[in-house]
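What follows is a short report on a single structure.
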Amino acid sequence: MSDVERYDPLAIEGPIAQRWYDERTYSLRSDPDREPFYALTMFPYPSGDLHMGHAEIFSIHDALVRHKRMQGFDVLNPIGWDAFGLPAENAAKSRGADPRAWTYANIEEQLSTIVRLGYSFDWSTRLHTCDPEYYRWTQWIFLELLDAGLAYRREALVNWCPGCETVLANEQVIDGRCERSDDVVVRKPLTQWFARITDYADELLADLDTIDWPERVKLMQRNWIGRSEGAEITFKVAAGSSSTLPDTADEQADEVVVYTTRPDTIFGATYFVFAPEHPLVRERMAGDADYDAFLDAVSKRSEIERQSSSEDGGKRGVRLNFDLTNPFTGEAIPAYAADYVLMDYGTGAIMAVPVGDQRDFDFARQEGLEIRVIIRPTDEDGNLLDELDADTMTEAYTGPGVMVNSGEYDGLPYQDAKAAIIRDVEGKGWGSAKVNTRLRDWLVSRQRSWGPPVPVIHCPSCGEVGVPAEDLPVALPDDLDFSVSGSPLAMHPTWKHVPCPACGSEDAVRDTDTLDTFVDSSWYFLRFLSPNDDERPWPKDAADRWLPVDQYTGGVEHAILHLLYARFVTKALRDRGHLSADEPFQALLNQGQVILNGAGMSKSRGNLVAPVEVYGTYGADTLRATMLFASPPEDDIDWADVSPAGMHKWLSRVWRLTTEHLADPGEDGPDAEVAALRRETALAIAGASDDYEARKYNTAIAKMMTLTNAVMDAERKGVGGAPRREALETVLLLLAPIAPFITEELWRRLGNDGSVHAQRWPEADASLLVQDEVEMVVQVNGKVRGRIALPVGSTQDAIEAAATTDPNVAEHLEGVTVVKTIVVPDKLVNFVVRPA
RNA sequence: GCGGGCGUGGCGGAGUCGGCAGACGCGCGGCACUCAAAAUGCCGUGGGGGUAACCCCGGGUGGGUUCGAAUCCCACCGCCCGCACCA
């Protein structure tokens, strides 16, 4: 044993990695005869060196990619960096670093680790979103949206993060806090750029059914879109309302539209609620001290406080100085303003039905308002249940029922009443059916400066003018002062002053906001199709060949943000004629996290395990294989539970078995043992192939381990020569996508031509998989009492006969009566007995 | 509160069209090699009983369906994730 070379991964891996990089070994062949396969992993943000999370996702992704290549696919496997964003700017602010230099230094560091770990990206596709050659086209996409009417600027109550000094999209606010900095977000009225993602809400919802994504991600998107069907109904301000205003308000102001998903409950609307900031309320309550105090209190409260007030059930509101008329009952009902109605959903006003809505119920109880029963509960089948009692009920009733106290609708099941009332509302001109979504338009502008400038010029006479395509990119100046508070770009002394492209006015200024990083990443998978093309963002025929991405891998943290935006941008670009795909990513895999002792690894916790600690000791193959063997890709990996040392031991065994075989191939050995090993080889191929298809790399590795165990077992029984070589080569082929270095090195040492990674994926010899004899289990009353060996396809009679000859089975059949015999061919036989 | 998912050895996990529970590995114990250790290899390893053949128990808990349940159904317990006043 001492005469063969030991497995020394640190010696063999580096040179191979460097060669793959230098020779661009994995650059796309783009062979039209091969079936295309677009494999994409979420491109990294260059925050520093690669961490364990990157290593895991890349290890999963690379196993998939290398397997697909061996299967003969023309694999597009690009890599780039999501290189714009706030950390670079923060580094500039806190330590005076140049954001560009900081970013590129981090990219180089990550790149060298990626190369070292043997991930087979196509380096010719490399891009960075902060390069002018890239963001030129990000700006072009914004102008496409602008031209299509899908980008617009308006004032809105938006989320402002004081820490980041910028606005945020709704999707970036988690529990009232900034998803980046964790600062409490405040609501401010500001004029901002939005993308009209709500135009695509229905399609974004419907097309979820066409893509192969984890159900929970699809569910999260469905919930986020939040589609609901209901009606908009107009309520009039009641005549004789105690308005303190002179009766000069125009007619429009005397009507209020509400959105409701339960028009059927309108006879139970006993009061009315406006959002505190509702314009009609502002107008009619102007000068009212109580209202002003209320509005002031509400606007000062953060989202967090609003939520905590909902937890204790408290809702704050004030009675307004007018009533509204319920169009169906003709009754005047009191109007309130309350913080539980939101200005930016529906119409900012609701009809309150306390009997059927928990929030309305809570508020009614709190304010002593009438709760009117207009529904008689039923079960799912329409059978009547006990009547509700407004005085004693403790919560709203939201289940099925039939209408009562609802005029001509009495007796109708609630769904029928909903349809009938919507019909009548439309007939009488009081409103119409309406679909609403929770999804709001995507706020894309940011008051930061390490991002693509919004390519718009504001002209005093022409208004908002898109920068002409030939003037792109609108480049960032090199001399931004990041030490200022606020936006460095806006503070720059000269940059924003340009003549208007339309009229030439010298008073025009550039928009000084930048586009959010999620705009950069909403289309990068398209730029990968022709990253160096300076004529166009991508060729349409390439998009049609490669899209949608066949397999996308990445973290579930992007379940809504990035994935929703990319879907929207894809659909918008499709409608502009730039591509044909309806969806960007056909299949999605969310890998689990790498954690330590049950807690996420993070710098702040101080529990980071750096990849280099593993590959610096055991090599990249061990790091990669350890991650894949630990669990299925979707599951979290607790680094405290895994054993790189154990994986290294097995890889060393593969090395030793192969090098020992080379040193002394030996003879084939006894026929029966040769047959057994060849069968194990075929089983490993069949099993591992299925596992690769199911992306269960942990069990695929287990099958390779079983085969190496079989090789050692066979060796003890005198098997060497060709059968052993075949088994060992099989291990190398099956392992190549997971541990690319050791397999490459051993494949070469075995004297084979070419790279192991250029081989065809092995196919199992089907004739070796079929057996002519099977072991069957014999049960008595469902308990295993024996095993018998029988030819495959034995008849029931033969099986029963053989089963009863087993001594232990016979013993259990003694003194009892067999009442039934269950035979599952080639699997088991079960005698059902009872005492005689 | 609403929605979704998951509970299998000391550990990671296999097995889930109902049909041999615990593949594979880690850890642990024993043995071989060695002066010794490391490395490597071999044997064992869910719990209990038995010299053994074997027997009993065992899949979060409790029920149910079935010849047969980790797998299907119901209830409960625990954990994880998402959403959270969206009318």
Side-chain angles (χ1 to χ4, degrees), chain A residues 1-2 6 174-176 214-224 226-228 230 258-262 265 269 273 275 303 306-307 309-311 313-315 338-342 344-353 356-360 362-363 395 398 436-440 556 559-560 626 629-632 635-647 649-650 652-653 656 687 696 698-706 708-709 712 716 775-787 807-808 811-812 818-824 827-833:
Chain A
M1 203 182 291
S2 57
R6 281 178 52 126
I174 312 293
D175 292 336
E215 269 312 312
R216 67 169 176 148
V217 174
K218 294 207 255 186
L219 191 68
M220 283 164 70
Q221 292 216 349
R222 282 190 194 106
N223 291 341
W224 189 260
R227 186 180 195 274
S228 68
V258 299
Y259 172 73
T260 176
T261 57
R262 294 293 302 276
T265 64
V273 189
E303 286 296 310
R306 282 182 71 141
Q307 279 169 24
S309 83
S310 80
E311 275 165 23
K315 302 194 188 309
D339 62 353
Y340 79 95
V341 173
L342 308 175
D344 57 359
Y345 182 78
T347 62
I350 63 159
M351 63 177 210
V353 183
D357 183 287
Q358 190 58 41
R359 297 152 300 179
D360 296 342
D362 293 342
F363 191 74
E395 58 180 11
T398 56
N436 239 329
T437 59
R438 239 178 54 115
L439 180 71
R440 315 292 157 78
V556 74
I560 292 175
T626 300
F629 186 57
S631 65
D635 289 6
D636 288 351
I637 297 173
D638 195 325
W639 202 251
D641 292 334
V642 303
S643 172
M647 183 50 67
K649 182 172 150 183
W650 178 64
S652 300
R653 180 178 287 176
R656 185 174 53 77
K696 299 193 73 172
N698 57 332
T699 52
I701 293 170
K703 274 145 198 161
M704 298 171 213
M705 289 174 164
T706 302
T708 53
N709 290 344
M712 293 195 293
R716 282 193 291 277
E775 185 181 70
M776 288 182 61
V777 167
V778 185
Q779 298 181 335
V780 178
N781 278 354
K783 296 198 176 197
V784 180
R785 298 301 182 189
R787 293 153 212 281
N808 196 42
E811 201 170 307
H812 283 273
V818 175
V819 294
K820 197 171 174 185
T821 305
I822 314 271
V823 173
V824 182
K827 268 197 160 169
L828 67 73
V829 51
N830 184 16
F831 294 106
V832 184
V833 303

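Proteins come first, then strands; the chains are lettered A, B, ... in the order of their sequence lines, and each starts at number 1.
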Distances under 3.5 Å only, N/O to N/O: pair up the protein atoms with those of nucleotides 45-55 of chain B.
residue	atom	partner	partner atom	Å
B/C55	OP1	A/R785	NH1	2.8
B/C55	OP1	A/N808	ND2	3.2
B/C55	OP1	A/H812	NE2	3.1

Note: A/G230 and A/Y259 closest approach over all heavy atoms is N-OH, 3.5 Å

Mind checking the C1' distance from B/U66 to B/C72? Whole angstroms is fine. 10 Å

A/V832 side-chain proximity, nearest of B/G41, B/C67, B/C85: B/C67

How far, in whole Å, is B/U71 from B/G7 if one measures between their P atoms? 11 Å

Kindly say if A/K315 contacts the phosphate of B/C85, meaning a side-chain N or O under 4.0 Å from OP1 or OP2. no

Looking at the side chain of A/D357, which of B/A87, B/G25, B/A14 is the nearest nucleotide? B/A87

Does NZ or CZ of A/K315 lie under 6.0 Å from the centre of the six-membered ring of A/F363, at an angle within 45° of the ring axis? no

Please state the C1' separation for the pair B/G27 and B/G12 - nearest whole angstrom. 11 Å

Mapping A/A645 and A/F629 onto RNA chain B by nearest heavy atom, which one lands closer to the 5' end? A/F629

Report yes if at least one side-chain N or O of A/N223 is closer than 4.0 Å to OP1 or OP2 of B/C2; otherwise report no. no

So do A/N781 and A/V832 actually touch side chain to side chain, heavy atoms under 4.5 Å? yes

Pairing partner of B/C33 (Watson-Crick or G-U wobble, both distances under 3.5 Å): none

Check whether any side-chain nitrogen or oxygen of A/R216 sits under 4.0 Å from OP1 or OP2 of B/G3, and answer yes or no. no

Answer for the Watson-Crick or wobble partner of B/G3, both distances under 3.5 Å, is B/C81

Proximity to the side chain of A/M705 - top-ranked nucleotide from B/G4, B/G68, B/C24: B/C24

Considering only heavy side-chain atoms of A/R6, the closest of B/C24, B/A39, B/G19 is B/A39

Tell me whether the side-chain N/O atoms of A/Y259 come closer than 4.0 Å to OP1 or OP2 in B/A87. no

If B/U51 has a Watson-Crick or G-U wobble mate with both distances under 3.5 Å, name it; if not, just say none. none

Any strand is fair game: report the nucleotide pairing with B/A14 by Watson-Crick or G-U wobble, both distances under 3.5 Å, or none. none

Hunt down the Watson-Crick or G-U wobble partner of B/A75, both distances under 3.5 Å, from any strand shown, or write none. B/U61

How many angstroms lie between CZ in A/R656 and CE in A/M712, if you round to the nearest 0.5 Å? 6.5 Å

For nucleotides B/U34 and B/A70, find the distance between their C1' atoms and express it as a whole number of Å. 47 Å

Output the single nucleotide from B/C56, B/G4, B/G68 whose closest atom is nearest the side chain of A/K783. B/C56

Watson-Crick or G-U wobble mate for B/U66, both contacts under 3.5 Å: none

At under 4.0 Å, does any side-chain N or O of A/N698 touch on OP1 or OP2 of B/A14? yes

Could you pick out which residue, A/Y345 or A/G782, lies toward the 5' side of RNA chain B when each is mapped onto its nearest nucleotide? A/G782

Is a donor-acceptor pair below 3.5 Å formed from side chain A/Q779 to base B/G19, judging by atom type as modelled? yes

Main-chain N/O of A/A352 paired with A/D357 side-chain donor or acceptor, under 3.5 Å: no

Look at A/K649 and B/C26 and indicate whether a side-chain polar atom (N or O) is within less than 4.0 Å of OP1 or OP2. yes

Interatomic distance, A/Y340 atom OH to A/I350 atom CD1 [nearest 0.5 angstrom]: 4.0 Å

Separation between OG1 (A/T626) and CH2 (A/W639), nearest 0.5 Å, reads 5.5 Å

Please name the nucleotide paired to B/A21 by Watson-Crick or G-U wobble geometry with both distances under 3.5 Å, or report none. none

Winner on side-chain proximity to A/A630, out of B/G12, B/A87, B/C85, is B/G12

According to a strict under-4.0 Å criterion, is A/R656 in side-chain N/O contact with OP1 or OP2 of B/G41? yes

When the P atoms of B/G3 and B/A75 are considered, how many whole Å apart are they? 13 Å

Determine the sole option in A/V778, A/V777, A/L828 for which the side-chain contact (heavy atoms from CB on, under 4.5 Å) test with A/R787 is passed. A/V777

P atoms of B/A37 and B/A32, separation to the nearest Å: 11 Å

With rounding to the nearest 0.5 Å, note down the distance linking CZ in A/F629 to CD1 in A/I637. 12.0 Å

Base, sugar-phosphate, or nothing for A/G346, non-hydrogen atoms under 4.0 angstrom? nothing

What contact category does A/P807 fall into here, base, sugar-phosphate, or nothing, at under 4.0 angstrom with non-hydrogen atoms? nothing

Who is the Watson-Crick or G-U wobble partner of B/G44, with both distances under 3.5 Å? B/C28

Let me know the distance between CE of A/M712 and C1' of B/C42, rounded to the nearest Å. 10 Å

Describe the nucleic acid contact of A/L219 in one word from base, sugar-phosphate, nothing, applying a heavy-atom distance below 4.0 Å. sugar-phosphate

Identify the two heavy atoms, one from A/R262 and one from A/M351, that lie closest to each other, and give their separation to 0.1 Å. O-CE, 3.7 Å

Identify whether any heavy atom of A/K696 sits under 4.0 Å from a base atom; if not, whether one sits that close to sugar-phosphate; answer base, sugar-phosphate or nothing. sugar-phosphate

Expressed in angstrom and rounded to an integer, what is the separation of A/R438 atom CZ from B/C2 atom C1'? 12 Å

